Amino acid sequence: MNPLIFTTILMTVLLGTMIVMMSSHWLMIWIGFEMNLLAIIPILMKKYNPRTMEASTKYFLTQATASMLLMMAIIINLMHSGQWTITKVFNPTASIIMTSALAMKLGLTPFHFWVPEVTQGISLTSGLILLTWQKLAPMSILYQISPSINLNILLTMAVLSILVGGWGGLNQTQLRKIMAYSSIAHMGWMTAVLVYSPTLTMLNMLIYIMMTLTMFMLFIQSSSTTTLSLSHTWNKTPLTTTLILITLLSMGGLPPLSGFMPKWMIIQELTKNSSIILPTLMAIMALLNLYFYMRLTYSTSLTMFPSTNNMKMKWQFETKQITLLPPLIVMSSLLLPLTPMLSILD
Amino acid sequence: MMTYIVFILSVIFVVSFVGFSSKPSPIYGGLVLIVSGGVGCGIIMSFGGSFLGLMVFLIYLGGMLVVFGYTTAMATEQYPEVWVSNTTVMGVFLLGLLMEVMLVLYVLKSEEVGVVFKFSGVGDWAIYDTGDSGVFSEEIMGVAALYSYGAWVVIVTGWSLLVGVLVILEVTRGD
């Protein structure tokens, strides 16, 4: 793509999300979502093969439907309150429709079906943008309407997402699909605590974005999209093998790594609100996630995965230098002692 | 009848939406879109928005739909599907029509309609002359406000249109 056009379109994606996060008028928020959607389509279609075109079409259809539902909820809100500001959603119908629309945008169950298919069909860098930056805008709106969200619907969607994210990822060997199911599960954790304490949602979002960025960059550095391909990193850059191990365990939520922080805080907040069965169930279902991360670490760092001898010597043209990788790895594994600082997110 | 003009126009609006969403060939979809555009313009004009109705006819029907019609005519097939040619299309159209007729009868019969919203009968759709809102028409003041208080909206929508053109050119460029 022409670099100037690519820069313009990338900046428009950023502008769309910024407009969503900074507006106080519902129409501007909707315009921001549409701008974001329109501008990310050519980024998803950077390579011209039928798979990327199909993935972009699926993404466009689901997100456009979600925008339509959002517009309907906005108009119902306008009908019942007569004003366009986002402080509170004044009608339960509008609130439910809006929650469903934003869940479609995030990829929560039962609207999760597009996430693995779209993530698999696009390149690693586009998948990175899709799973991290595109989650910011809907989450910021959920944060802003969190007092008026129907708790039953949101908790149902959250728990089902954790379940689907864990179970769905079990049978996958393609790394992008694994990251997609991991994203579904993490979105479930984030929305479960939204009504109780939106600050923890933001904390979880921050840690999740850091960990997902790290994982994707490790994949990009070794240009690997399958488990088999990832298991050859011991030959190319042995250090990243260890780093993959640490980051994956952090994503699984193991202490003393920073991935434990959001899970710990969320479980604590939920039990403070006298719901005990729910966080127990969520923690148990997070084990499913941990299983397929462990499987990746087993095949990558802990064992030499069986392959033919000529596949062990992987040809690499030049080493990709990703400047951001070391700070990201440090942040996604060592942040746990900084937990008391989360009060700055308030 | 004039007090219920909005209700009648809305019914025609919904029926034409059912007409194109039952997916005949795009040419016929465009035909019904013309009807729905015209009826939508009528609805807006009944509320006093003559400028916006004119915009619908000029820009939407006269600009976008004409371009759509030309491109569809270039890409059409030899025997395009009508509503009665395919059983599925006809079935969906009749189903939508039936649901609309039942809803209209429900609205006409009962005092209150509580499907998703609560409407208190057909009277909710009537146009009353609510008296003067001053010397200026409300709607023209809204358009003027778009360019004064709403300058940011103009910038954002203008940028979206520019990026829309860039995106479409980029997507259809191929390799």
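Quantities reported herein were computed from a predicted structural model and do not represent experimental measurements. So that the names make sense, note that chain A is the first sequence line, chain B the second, and so on, each numbered from 1.
By the neighbour-count criterion of 12 heavy atoms within 6.0 Å, atom NZ of B:Lys23 is sparsely surrounded, having that number or fewer from other residues, nucleotides or ligands. Surrounding CZ of A:Arg51 are at most 12 heavy atoms belonging to other residues, nucleotides or ligands under 6.0 Å away.
Taking the six-membered ring for Trp and the full ring otherwise, the centers of B:Phe20 and B:Phe17 sit less than 6.0 Å from each other.
In this structure, the portion of A:Ile19 lying under 4.5 Å from any heavy atom of chain B is its side chain and not its backbone. Heavy atoms closer than 4.5 Å to chain B are found in the side chain of A:Leu15, but not in its backbone. Both the backbone and the side chain of A:Leu38 come within less than 4.5 Å of a heavy atom of chain B.
With no hydrogens or angles considered, a side-chain donor-acceptor pair links A:Ser126 and A:Ser123 at under 3.5 Å.
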